[in-house]
Amino acid sequence: MKITAVIPTRNRPVDLVAAVDSVIAQTRQPDELMVVDQSPGAESKEKILALHARTGNGLNLNYVHDPSIAGLIPAKAYAATHASGELVCFLEDDVVLEPGYIAAIERGFADRPDMLGCSGVVTNLPPLAPFYNTLFHLFHRGVFRDRRVGVHGYDAGDDLIPSRQLSGGLSAWRREVFAAVPFDLENDLFMLEDIDYSTRAAAHFGDRFTINPRARLAHYLSPVNRDRLGARQQRKLREYFVFYKKHRAAPGATPAFAWLLVGLALEATYQSVRAVRLSPLAGFVRGIVDGARWKLRGSAV
């Protein structure tokens, strides 16, 4: 299978170099590496072209530097249209792949010819409270159910795990998915863009999506371009409302969403107590207001 690896990026030259270096070092390199760089300056481009010239090892690099591609989802939509691979593998710009990551992705699709998409696993999650997984799955029910939590950061074995929600920055897709399921360019999703897209894909194609525990990487969560805690809570709540409004026809979606809001309120309260400031709770309230007011736009619903 011909594979294109895609890294959207903006203003993270140091992180990007580490990510691209780990792609170059793959035991099975992608047939194409497409970097979609939205940075206003050329530092990232200069660093990556120099790295590729020194150590590229034959890697086919397609470097797209275009600040007019504004945002993660437009960058993915551009790549989905222009990538040459049968499989398109999206990566964050602050990850480092284990050497067998791309090979494991390819093997997963070869083992399951009916599979249309998968995501890998993150190996370096920060320590979570012992009760986090239990509470997460208690409050995420129905259309919000998420198999990824409890898999990332743990030894999940070698078997593919069915999942309707995939992690966008470590996901791989057959090209045919993009032709049938458009990216949502209208509703300003970011934190939940991956679960929205994969949920819509699963609704269209059925349960043909998995988590591949053999495809492993470390995610270093660059502080560049990240919101503060209160702003993150506000955005997350607003995006959960958008997600609910797009998927409210799913069985039991309304009571599942109401129950989820209880869990998110508890999470915001815990974050406020832990941080000794009210910004997470204030962000939660602002997100409720923003989400309740949001009117869905576009056709990707």
Side-chain angles (χ1 to χ4, degrees), residues 10-12 15 71-73 92-95 119 121-154 163 165-170 187-199 211 217-247 253-294:
R10 185 176 188 275
N11 293 338
R12 290 179 176 171
D15 301 295
L72 175 62
I73 302 180
E92 301 271 10
D93 58 3
D94 54 359
V95 301
S119 68
V121 297
V122 178
T123 60
N124 66 328
L125 282 183
L128 297 172
F131 53 83
Y132 180 83
N133 285 349
T134 300
L135 289 179
F136 182 92
H137 291 295
L138 173 66
F139 287 104
H140 288 73
R141 300 297 185 92
V143 72
F144 301 99
R145 183 170 181 259
D146 192 340
R147 292 289 302 276
R148 298 172 301 168
V149 174
V151 173
H152 291 308
Y154 298 89
S163 179
Q165 296 187 343
L166 305 184
S167 300
L170 51 155
N187 286 294
D188 191 28
L189 291 171
F190 179 75
M191 296 177 71
L192 270 64
E193 65 86 15
D194 50 359
I195 69 170
D196 170 64
Y197 187 83
S198 53
T199 299
I211 299 167
L217 58 73
H219 189 188
Y220 289 102
L221 293 172
S222 172
V224 179
N225 302 331
R226 293 200 185 276
D227 292 333
R228 294 185 177 182
L229 196 56
R232 283 180 62 81
Q233 275 288 349
Q234 180 175 352
R235 172 173 276 277
K236 182 165 71 171
L237 262 296
R238 198 268 299 166
E239 292 194 18
Y240 264 120
F241 266 90
V242 173
F243 181 89
Y244 162 68
K245 289 177 180 181
K246 293 179 70 173
H247 301 278
T254 297
F257 182 54
W259 182 236
L260 175 63
L261 290 179
V262 174
L264 294 174
L266 292 174
E267 178 190 56
T269 302
Y270 172 76
Q271 289 180 343
S272 286
V273 171
R274 186 177 181 183
V276 197
R277 59 179 185 267
L278 291 176
S279 59
L281 270 173
F284 173 86
V285 173
R286 289 194 296 269
I288 291 278
V289 173
D290 291 346
R293 291 175 174 173
W294 191 269

Test of understanding: with side chain to side chain contact (heavy atoms under 4.5 Å, CB included), list the residues that count as partners of [X], not counting sequence neighbours.
{"X": "Glu92", "answer": "Asp94, Val95, His219"}
{"X": "Ala275", "answer": "Leu229, Arg277"}
{"X": "Thr134", "answer": "none"}
{"X": "Arg235", "answer": "Asp188, Phe190, Met191, Asp227, Arg238, Glu239"}

For [X], check side-chain hydrogen bond (donor to acceptor under 3.5 Å, both in side chains) against everything at least two apart and list the hits.
{"X": "Lys236", "result": "Glu267"}
{"X": "Thr269", "result": "none"}
{"X": "Gln234", "result": "Arg286, Asp290"}
{"X": "Asn11", "result": "none"}

| query | Can you list the residues that meet the ring pair (Phe, Tyr, Trp, His ring centres under 6.0 Å) rule with Phe144, with sequence neighbours excluded? | reply |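 If we apply the ring pair (Phe, Tyr, Trp, His ring centres under 6.0 Å) test to Phe144, skipping adjacent residues, the hits are Phe243, Phe257.
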| query | For His140, which residues count as a ring pair (Phe, Tyr, Trp, His ring centres under 6.0 Å) partner, sequence neighbours excluded? | reply |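 Per chain and number, His140 pairs via ring pair (Phe, Tyr, Trp, His ring centres under 6.0 Å) with Phe136.
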Just how far is it from atom [atom1] of [X] to atom [atom2] of [Y], taken to the nearest 0.5 Å?
{"X": "Arg147", "Y": "Ser119", "atom1": "CZ", "atom2": "OG", "answer": "11.5 Å"}
{"X": "Leu237", "Y": "Ile288", "atom1": "CG", "atom2": "CD1", "answer": "4.5 Å"}
{"X": "Leu266", "Y": "Leu135", "atom1": "CG", "atom2": "CG", "answer": "8.0 Å"}
{"X": "Gln271", "Y": "Leu264", "atom1": "CD", "atom2": "CG", "answer": "10.0 Å"}

| Tell me, do Leu217 and Thr123 make a side-chain contact under 4.5 Å, heavy atoms counted? |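 SC-SC contact between Leu217 and Thr123 ruled out.
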| message | Using side-chain heavy atoms (C-beta onward) and a distance below 4.5 Å, is Ile195 in contact with His247? | response |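 Heavy-atom side-chain distance check fails, nothing below 4.5 Å.
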Looking at every heavy atom in both [X] and [Y], which two are closest together, and how far apart are they?
{"X": "Ser222", "Y": "Asp15", "value": "OG-OD2, 2.9 Å"}
{"X": "His152", "Y": "Ser167", "value": "NE2-OG, 3.3 Å"}
{"X": "Leu72", "Y": "Glu193", "value": "CD2-OE2, 3.7 Å"}
{"X": "Val224", "Y": "Arg12", "value": "O-NH2, 2.6 Å"}

| task | Given side chain to side chain contact (heavy atoms under 4.5 Å, CB included), test Leu261 with Phe241 step by step and report yes or no. | result | CA-CA 10 Å; Leu261 290 179; Phe241 266 90; 4.3 Å; yes
| query | Under the ring-ring contact (aromatic ring centres under 6.0 Å, His included) rule, what pairs show up with a residue in residues 259-291, not counting sequence neighbours? | reply |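 For residues 259-291: Phe139-Trp259.
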| field | Main-chain N/O of Gln165 paired with Ser163 side-chain donor or acceptor, under 3.5 Å | value |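 Looks like yes, one N/O pair under 3.5 Å.
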| field | Any residue meeting salt bridge (Lys or Arg N to Asp or Glu O under 4.0 Å) with Asp194, in chain and number order, not counting sequence neighbours | value |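 Scan of Asp194 (salt bridge (Lys or Arg N to Asp or Glu O under 4.0 Å), adjacent residues dropped) gives Arg148.
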| field | Test side chain to side chain contact (heavy atoms under 4.5 Å, CB included) applied to Leu189 and Tyr197, step by step | value | CA-CA 10 Å; Leu189 291 171; Tyr197 187 83; over 6 Å; no
